[in-house]
Number of protein chains: 2
Amino acid sequence: MSKRAAPEARRAELIAATARVLAARGAAGASVRVIAAAAGVSPGLVTHHFGGVERLVEATYDHVAARVGDALEAAVAAAGESPRARLAAYCDASFAPPIADPALLATWIAFWSLAQGSAAMQASHVRHYAGYRARLEVLLGETGVEADRRRLLAVGLTALVDGLWLELCLSPGAFSAAEARAVVAGYLAGV
Amino acid sequence: MSKRAAPEARRAELIAATARVLAARGAAGASVRVIAAAAGVSPGLVTHHFGGVERLVEATYDHVAARVGDALEAAVAAAGESPRARLAAYCDASFAPPIADPALLATWIAFWSLAQGSAAMQASHVRHYAGYRARLEVLLGETGVEADRRRLLAVGLTALVDGLWLELCLSPGAFSAAEARAVVAGYLAGV
DNA sequence: GTGATTGTTGCACGAACGTATAACAACCTC
DNA sequence: GAGGTTGTTATACGTTCGTGCAACAATCAC
């Protein structure tokens with residue numbers, strides 16, 4: 001049996017275990033028993049702390065999305081002060097670890113598939129992607145793009161980067177990360 | 001009980017039922033019993049004709065992918081003879097029915113999630129997307145794009161269209177189909 | 001018609017699922 | 001240290017899962 005832990009600490013452990021299970025076994029493997037075993041606790045704890053598996057997966061989505069956002073921000077911060085370099089870094093970060101990772105794709109696909117039947121998951125997705133596009137609009141603005149063109153450019157950039165990321169993880173042999181960066185660079189050159 | 005049917009006809013019915021179930025309930029709902037009920041037959045028939053659910057889902061993937069390809073080709077055929085118009089039609093078809101359909105997205109996400117653990121599904125995906133890109137390279141060639149630029153352009157176009165399609169179905173309020181077409185037109189203008 | 005083939009059903013089986021509940025144990029308060 | 005609070009476990013219950021199997025029935029060969 002596991003030692004008694006503070007509620008927030010135990011919740012964090014369960015969220016981390018859920019992320020591991022989703023990455024390793026997909027949505028189909030995210031059962032109460034498997035998650036609890038991955039966290040080294042008894043299945044009843046999931047109900048106790050989250051009131052059900054669904055709520056735990058929602059919390060995991062928010063956590064993973066925040067981590068992805070952190071990785072993107074870290075790339076921007078490391079890119080220096082040139083607005084063009086910061087924008088490129090934000091996009092290119094999707095083609096390098098820890099984001100370009102088949103395990104993260106598996107997690108993400110699991111979220112998408114679970115969002116089909118859950119209004120809460122769907123709302124989380126809409127919020128997350130809106131934030132992603134909003135950040136991109138700011139970076140575009142700093143490079144001097146006029147305000148009325150930013151929105152559609154952000155829509156296109158998000159779609160392009162996401163599509164490349166998806167296929168990079170799903171069919172690793174089709175093209176390389178360097179080629180993905182080159183494609184994005186070509187798109188940004190036309191801005 | 002269902003009347004006796006020819007094997008190919010029964011197989012086709014089961015595949016169609018699987019597609020309906022995947023669209024309506026996602027990968028989680030694609031159980032032998034639910035699929036058989038949707039087809040109006042007994043659960044044992046799935047084992048009898050396909051040897052297991054996994055094989056049935058694989059066959060459904062191939063069938064749905066072929067239908068999507070048909071829809072894209074129909075759009076090209078309806079676009080006339082101008083190479084530019086044919087290329088644009090091939091891309092824009094992803095933002096109109098029957099492809100821009102949340103039910104099709106649900107089906108596709110189910111395939112992705114099942115591909116995580118099935119080598120056969122993964123191989124089908126790689127084959128399907130390679131065909132998609134190859135068709136795009138031909139259409140690009142017909143518009144006069146030099147041969148050595150076609151491959152990366154096709155990679156980018158596929159990713160852009162896929163990303164837009166995904167987000168169009170997943171967050172319907174974020175942007176419109178017309179805006180998606182405008183984004184693609186902007187990308188093609190830079191070619 | 002008769003027999004063989006095979007599509008089809010209904011059931012049974014073991015396993016895994018989510019969750020409710022009661023008992024246990026660790027910690028905090030006083 | 002005694003008592004209350006609450007994190008934790010173990011068990012139990014009903015449901016659903018995939019599939020193997022024996023029986024039934026429709027079709028075909030002859």
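Computation of the quantities below employed the complete heavy-atom set of this structure, encompassing side-chain atoms and omitting hydrogens, waters and symmetry-equivalent molecules.
Between A:L45 atom CG and C:dA22 atom P there is a gap of 18 Å when expressed in whole angstrom units. Computed from coordinates, the B:E8 CD to C:dT6 P distance equals 14 Å when rounded to whole Å. Going from atom CD1 of B:I35 over to atom C1' of C:dT8 covers 18 Å, rounded to whole Å. Rounded to whole Å, the distance from CD on B:E54 to P on D:dC17 is 17 Å. The separation between A:F50 atom CZ and C:dG18 atom P is 15 Å, rounded to whole Å.
Listed pair A:R10 / D:dT8 meets the phosphate criterion, a side-chain N or O lying under 4.0 Å from OP1 or OP2. Neither OP1 nor OP2 of D:dT8 sits under 4.0 Å from any side-chain N or O of A:H48. Contact check, A:S31 against C:dC17: a side-chain N or O comes under 4.0 Å of OP1 or OP2.
When hydrophobic clusters are built by joining Ile, Leu, Val, Met, Phe, Trp and Tyr residues whose side-chain heavy atoms come closer than 4.5 Å, directly or via intermediates, A:I109 is not grouped with A:V126.
Across all non-hydrogen atoms, the minimal contact from A:E58 to A:S118 is OE2-OG, 3.9 Å.
Within 4.0 Å of B:V53, counting heavy atoms only, lie sugar-phosphate atoms of the nucleic acid but no base atom.
Ring geometry for B:W165 versus B:W108: interplanar angle over 60°, hence perpendicular rather than tilted (30 to 60°). Note on ring orientation: taking the six-membered ring where Trp is involved, the planes of A:H125 and A:Y129 are tilted (angle from 30° to 60°).
Toward the 5' end of DNA chain C, the nearer of the two residues B:A6 and B:R33, judged by each one's closest nucleotide, is B:A6. When the nearest nucleotides of DNA chain D are assigned to B:G29 and A:V41 by heavy-atom distance, the more 5′-ward of the two goes with A:V41.
Counting atom types as modelled, A:R4 pairs a side-chain N or O with a base atom of D:dT6 as donor and acceptor under 3.5 Å.
Of the listed nucleotides (C:dA20, C:dT9, D:dC17), C:dT9 has the atom at the smallest distance from the side chain of B:S42.
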